[in-house]
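The next block holds one structure in the form of structure tokens; read it before the comments.
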Number of protein chains: 2
Amino acid sequence: MGIRQTREEIVKAADQLFYRQGYEHTSFSDIADAVQISRGNFYYHFKSKDAILDAVIELRQVERQEMLRQWEQEAGDPEECIRSFIHMLAANRGNIKRYGCPVGTLCAELGKLNHAAQAEANQLFTLFRTWLRKQFAALGRRSDADDLAMQVLAWSQGVAALSCAFRDEKFIKKEVKRLDAWLATAAQGDSP
Amino acid sequence: MGIRQTREEIVKAADQLFYRQGYEHTSFSDIADAVQISRGNFYYHFKSKDAILDAVIELRQVERQEMLRQWEQEAGDPEECIRSFIHMLAANRGNIKRYGCPVGTLCAELGKLNHAAQAEANQLFTLFRTWLRKQFAALGRRSDADDLAMQVLAWSQGVAALSCAFRDEKFIKKEVKRLDAWLATAAQGDSP
DNA sequence: GTCTATACTGAGATAGAC
DNA sequence: GTCTATCTCAGTATAGAC
């Protein structure tokens with residue numbers, strides 16, 4: 001197996017495991033089992049567990065960035081862009097119900113660990129925030145675009161947290177509907 | 001030191017440490033240092049780390065229940081009760097900014113660990129949910145009281161998660177204002 | 001590149017003295 | 001009740017063979 005390919009598989013497996021079990025609770029053995037390599041082989045590709053975490057965060061950043069780019073490409077207007085973001089909740093409701101939001105739970109965990117990669121993980125939130133702000137500004141809400149972006153983000157985080165705690169997918173669907181309705185009025189309404 | 005007192009101090013210290021560092025990341029040594037007892041002495045009071053967690057969850061349940069009871073006693077009407085809940089966010093904004101919501105972050109962590117105490121921790125959410133539902137029902141929103149309770153809970157969770165990630169206290173204040181305004185209309189509005 | 005073997009550390013937990 | 005000493009185990013990480 002090429003070095004590139006093995007490295008990639010490690011990062012992908014770690015990404016999933018960190019999401020499902022948390023970073024600290026995931027051991028090298030867990031990842032090794034998933035990728036079907038020996039524990040020792042790890043250190044040829046990464047010098048430490050932290051290094052794997054860095055790679056995972058970078059992977060998520062690249063993936064999310066690409067996702068946002070694609071939404072912009074497919075959408076006809078900024079409102080549709082924001083709607084794509086909102087509908088991501090519904091599309092991933094199975095995973096969210098079980099494991100929460102991948103970004104939110106990682107940031108929360110690294111925060112408690114006071115981990116060095118905290119800032120980088122939080123960049124994932126910033127990525128969404130900046131993008132949403134841009135969409136709201138394009139929607140004519142220039143003066144409160146950042147507030148609206150934060151509201152959408154917080155709303156999503158709350159829905160993810162509760163649907164996970166109560167293992168409730170229907171709550172996600174309900175809230176996505178409410179978000180949709182809210183967006184429709186926000187798109188028309190002027191800045192307050 | 002009496003057995004009662006030492007046990008209580010262990011639970012209190014563990015409560016704080018679990019909140020600030022997370023359950024898994026907190027070791028016996030951490031708690032021992034905080035309480036100023038030896039590691040070995042623990043096992044006279046608790047038979048395992050899980051047992052301490054159980055005690056911490058129970059402590060939080062008792063404390064929250066007492067808090068809700070007091071709010072009801074002090075408030076003139078259900079709307080004021082709900083307002084007390086909302087203002088808890090503002091009152092604790094310093095800790096929330098640093099460590100997130102004590103209930104939300106614990107439930108999230110235990111979920112990832114797939115820990116046995118998961119259900120008990122989630123009961124903390126249920127406690128709030130049931131109480132809020134009761135208040136909304138008393139407010140005349142009987143048909144959607146539970147929906148509204150979930151909305152307030154989710155809103156709070158989202159605010160806590162984002163204010164923590166961005167280390168932003170002002171966001172809490174802003175959102176508490178919006179929640180207040182929302183509550184005022186919800187208190188008047190009929191069931192949809 | 002990948003493996004096995006192993007060193008090292010810190011964790012939870014136990015035993016028994018005081 | 002509290003202590004010290006110690007056990008066991010899992011985790012990260014390293015060394016060196018293949």
Side-chain angles (χ1 to χ4, degrees), chain A residues 1-58 106 109-110 112-118 120-121, chain B residues 1-58 106 109-110 112-118 120-121:
Chain A
M1 197 143 42
I3 179 176
R4 199 67 179 257
Q5 198 180 343
T6 304
R7 200 195 129 99
E8 228 170 77
E9 283 190 33
I10 291 173
V11 177
K12 272 189 204 162
D15 181 32
Q16 281 304 304
L17 286 164
F18 290 173
Y19 176 36
R20 295 183 186 179
Q21 312 183 340
Y23 168 69
E24 194 172 31
H25 192 57
T26 299
S27 71
F28 274 98
S29 299
D30 291 335
I31 308 175
D33 288 351
V35 189
Q36 297 271 35
I37 61 169
S38 71
R39 265 173 308 155
N41 191 7
F42 264 108
Y43 294 86
Y44 177 78
H45 301 276
F46 298 94
K47 79 173 216 294
S48 69
K49 195 181 174 187
D50 286 357
I52 300 183
L53 176 61
D54 287 341
V56 166
I57 294 175
E58 207 195 310
L106 181 66
E109 181 180 3
L110 297 185
K112 299 248 173 194
L113 303 186
N114 206 7
H115 194 283
Q118 226 178 123
E120 283 165 278
Chain B
M1 198 145 36
I3 179 174
R4 198 68 178 256
Q5 199 180 344
T6 303
R7 200 194 129 98
E8 227 170 77
E9 284 191 32
I10 290 174
V11 176
K12 272 189 202 163
D15 181 33
Q16 281 303 304
L17 286 164
F18 290 173
Y19 176 37
R20 294 182 186 179
Q21 311 184 339
Y23 169 68
E24 194 172 31
H25 193 56
T26 299
S27 70
F28 274 98
S29 299
D30 291 335
I31 308 175
D33 287 351
V35 190
Q36 297 271 36
I37 61 169
S38 72
R39 266 173 307 153
N41 190 8
F42 265 109
Y43 294 85
Y44 178 77
H45 301 278
F46 297 95
K47 82 173 213 296
S48 70
K49 195 182 174 187
D50 286 357
I52 301 185
L53 176 60
D54 287 340
V56 166
I57 294 176
E58 206 196 310
L106 181 67
E109 182 180 3
L110 297 185
K112 299 249 173 193
L113 302 185
N114 208 6
H115 194 284
Q118 228 178 124
E120 282 164 281

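Lettering follows sequence order; numbering is per chain, from 1. Quick note: numbers below take in every heavy atom, side chains included, and nothing from hydrogens, waters or symmetry partners. For clarity, every value in this text was computed on a predicted model and none was experimentally measured.
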Quiz prompt | Sub-4.5 Å side-chain heavy-atom contact between Ile57(A) and Leu106(A) | solution = yes
Quiz item: So which of residues 14-29 of chain B are in contact with DNA chain C, with a heavy-atom cut-off of under 4.0 Å?
Solution: Thr26(B), Ser27(B), Phe28(B)
Quiz prompt | Any pair counted as salt bridge (charged side-chain N to carboxylate O under 4.0 Å, His left out), so long as it reaches residues 46-58 of chain B, sequence neighbours left out | solution = none
Please output the side-chain donor-acceptor pairs of residues 8-16 of chain B that fall under 3.5 Å, not counting sequence neighbours, one pair per line with the distance.
unit_1, atom_1, unit_2, atom_2, d
Asp15(B), OD1, Arg60(B), NE, 2.6
Asp15(B), OD1, Arg60(B), NH2, 3.0
Gln16(B), OE1, Arg20(B), NE, 3.4
Gln16(B), OE1, Arg20(B), NH2, 3.2

Quiz item: Any side-chain hydrogen bond (donor to acceptor under 3.5 Å, both in side chains) pairs touching residues 35-44 of chain A, not counting sequence neighbours?
Solution: none
Quiz item: Which residues pass the ring pair (Phe, Tyr, Trp, His ring centres under 6.0 Å) test with Tyr23(B), sequence neighbours left out?
Solution: Phe18(B), His115(B)
Exercise. Using side-chain hydrogen bond (donor to acceptor under 3.5 Å, both in side chains) as the criterion, list what pairs up with Asn114(B), not counting sequence neighbours.
Key: Gln118(B)
Practice problem: Give, for atom OH of Tyr19(B) and atom NZ of Lys112(A), the distance between the pair rounded to the nearest 0.5 Å. | Solution: 6.0 Å
Quiz prompt | By side-chain contact (heavy atoms from CB on, under 4.5 Å) - contacts of Ala116(B) (at least two apart) | solution = none
Which donor-acceptor pairs under 3.5 Å do the side chains of residues 25-32 of chain A make with protein atoms, sequence neighbours left out?
unit_1, atom_1, unit_2, atom_2, d
His25(A), ND1, Glu24(B), OE2, 2.8
Thr26(A), OG1, Leu17(A), O, 3.3
Thr26(A), OG1, Gln21(A), OE1, 3.3
Thr26(A), OG1, Gly22(A), O, 2.7
Ser27(A), OG, Ser29(A), N, 3.3
Ser27(A), OG, Asp30(A), N, 3.2
Ser27(A), OG, Asp30(A), OD2, 3.4
Asp30(A), OD2, Ser27(A), N, 3.1

Quiz prompt | DNA chain C-proximal residues of residues 33-45 of chain A, any heavy atom under 4.0 Å | solution = Ile37(A), Ser38(A), Gly40(A), Asn41(A), Tyr44(A), His45(A)
Practice problem: With a 4.0 angstrom cut-off to heavy atoms of chain A, pull out the first and last contacting nucleotide of DNA chain C, in 5'-to-3' order. | Solution: dG1(C) to dT4(C)
Quiz prompt | Gap separating the CD atom of Glu120(A) from the CG atom of Leu53(A), nearest 0.5 angstrom | solution = 8.0 Å
